[in-house]
Amino acid sequence: MIIAVDFDGTIVEHKFPKIGDEIPFALETLRKIQANPHHRLILWTMRTGKELNEAVEYCRERGVIFYAHNENYPSEKLDSDTPRKVAADLYIDDRNIGGLPDWGAIYQMIKSGNPYQPYANTEGYYPKSKKKGFFAKFFGK
Ligand SMILES: [Mg+2]
């Protein structure tokens with residue numbers, strides 16, 4: 001599977017342009033995923049230039065090496081006919097509707113081979129990361 005992964009708010013806490021603390025188990029999970037030759041990780045982020053390089057290096061130093069960054073393959077030529085959206089089978093992003101599942105849940109969804117099947121705990125909810133999401137910040141939920 002081609003898996004596009006966001007950086008800020010997904011791998012690390014959102015502190016752009018700085019790099020926040022790692023979201024628990026994000027990098028450990030990504031290392032496990034990249035160890036499977038059937039998967040290819042693409043970094044899919046709003047970061048460009050220096051900030052992109054810092055994110056790439058942060059992950060590389062921690063053993064996560066992406067196949068490409070904001071492109072379908074390394075050194076992809078972008079022209080006016082090239083879609084901006086990276087083609088992936090899965091996108092892991094904190095702005096996903098429903099929020100970012102816990103990285104343990106993300107791993108189980110991918111490992112199951114059927115990530116489109118909802119992964120729910122015994123209460124029927126996705127395990128959520130502990131960080132406060134957009135709605136919690138503004139609506140106190
Ligand atoms: Mg994000």
Side-chain angles (χ1 to χ4, degrees), residues 1-139 141:
M1 261 188 275
I2 297 172
I3 303 170
V5 188
D6 176 47
F7 187 71
D8 296 286
T10 299
I11 296 175
V12 296
E13 298 289 343
H14 207 304
K15 301 281 184 196
F16 182 84
K18 295 181 179 173
I19 293 179
D21 291 337
E22 181 191 348
I23 294 190
F25 305 109
L27 290 158
E28 182 181 332
T29 304
L30 290 171
R31 285 192 295 270
K32 280 189 194 173
I33 293 168
Q34 79 177 359
N36 183 331
H38 298 291
H39 299 317
R40 174 174 286 175
L41 297 175
I42 294 178
L43 186 62
W44 178 227
T45 172
M46 295 289 288
R47 287 177 177 250
T48 58
K50 174 178 171 278
E51 287 80 19
L52 173 61
N53 291 340
E54 289 169 355
V56 169
E57 185 63 13
Y58 174 90
C59 294
R60 192 192 63 75
E61 286 171 352
R62 290 158 180 80
V64 174
I65 298 166
F66 293 93
Y67 172 70
H69 319 117
N70 292 341
E71 53 194 359
N72 290 294
Y73 51 86
S75 303
E76 180 181 21
K77 296 278 182 276
L78 298 177
D79 59 32
S80 59
D81 294 328
T82 307
R84 294 179 67 189
K85 185 174 182 178
V86 163
D89 300 299
L90 290 177
Y91 299 84
I92 303 173
D93 196 308
D94 63 306
R95 298 302 170 95
N96 180 47
I97 190 163
L100 181 72
D102 176 276
W103 274 95
I106 291 170
Y107 182 68
Q108 291 303 322
M109 284 188 260
I110 293 170
K111 190 179 169 196
S112 74
N114 186 7
Y116 304 105
Q117 189 69 32
Y119 173 83
N121 63 23
T122 52
E123 287 82 41
Y125 297 101
Y126 292 121
K128 296 286 186 188
S129 64
K130 300 285 186 248
K131 79 180 180 82
K132 281 197 157 194
F134 173 84
F135 288 103
K137 283 181 197 161
F138 291 94
F139 302 108
K141 300 209 174 186

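- The closest donor-acceptor contact from the side chain of Asn70 to the backbone of Thr45 lies under 3.5 Å.
- For the pair Glu51 (side chain) and Arg47 (backbone), a donor-acceptor distance under 3.5 Å is absent.
- Closest of all the heavy-atom pairs between Asn72 and Glu76 is N-OE1, 2.8 Å.
- Residue Arg40 holds its CZ atom at 11.0 Å from CG of Asp89, rounded to the nearest 0.5 Å.
- To the nearest 0.5 Å, the span separating NE2 on His39 from NZ on Lys111 amounts to 11.0 Å.
- Here the side chains of Lys85 and Tyr91 are in contact, with some heavy-atom distance below 4.5 Å.
- Smallest separation of non-hydrogen atoms from Thr82 and Leu78: CG2-CD2, 3.4 Å.
- A salt bridge is absent between Glu28 and Arg31: the closest approach of a Lys/Arg side-chain nitrogen to an acidic carboxylate oxygen does not fall below 4.0 angstrom.
- When side chains are defined from C-beta on, Asp8 does not count as touching Lys15, because their heavy atoms never get closer than 4.5 Å.
- Closest of all the heavy-atom pairs between Ser112 and Met109 is OG-O, 2.7 Å.
- The distance from atom CD of Gln108 to atom CG of Asp102, rounded to the nearest 0.5 Å, is 10.0 Å.
- In this structure, the side chain of Thr10 does not engage the main chain of Phe7 through any donor-acceptor pair within 3.5 Å.
- The side-chain contact (heavy atoms from CB on, under 4.5 Å) test with Val64 singles out one residue from Ile11, Leu43, Leu30, and that residue is Leu30.
- Within a 6.0 Å sphere centred on OH of Tyr67, heavy atoms belonging to other residues, nucleotides or ligands number more than 12.
- With sequence neighbours excluded, the residues satisfying salt bridge (charged side-chain N to carboxylate O under 4.0 Å, His left out) with Glu54 are Lys50.
- Two residues are said to be in side-chain contact when any heavy atoms from C-beta on lie closer than 4.5 Å; Ile110 and Leu90 meet this criterion.
- In this structure, Met46 places its CE atom where only 12 or fewer heavy-atom neighbours from other residues, nucleotides or ligands lie under 6.0 Å away.
- Residues Phe66 and Leu41 meet the side-chain proximity criterion, which asks for heavy atoms closer than 4.5 Å.
- For the pair Leu100 and Ile92, the minimum side-chain heavy-atom distance is below 4.5 Å.
- In terms of modelled atom types and a separation under 3.5 Å, the side chain of Gln34 and the main chain of Ile65 share a donor-acceptor contact.
- Within the 4.5 Å cutoff, side-chain heavy atoms of Cys59 are placed close to those of Leu27.
- Residues Ile42 and Ile2 have side chains in contact (heavy-atom distance under 4.5 Å, counting atoms from C-beta outward).
- The local environment of CZ in Arg62 is crowded, with over 12 non-hydrogen atoms from other residues, nucleotides or ligands closer than 6.0 Å.
- The two residues Pro101 and Ala105 make their nearest non-hydrogen contact at CB-CB, 4.2 Å.
- Val5 is not listed as a side-chain neighbour of Trp44, based on a closest heavy-atom distance of 4.5 Å or more.
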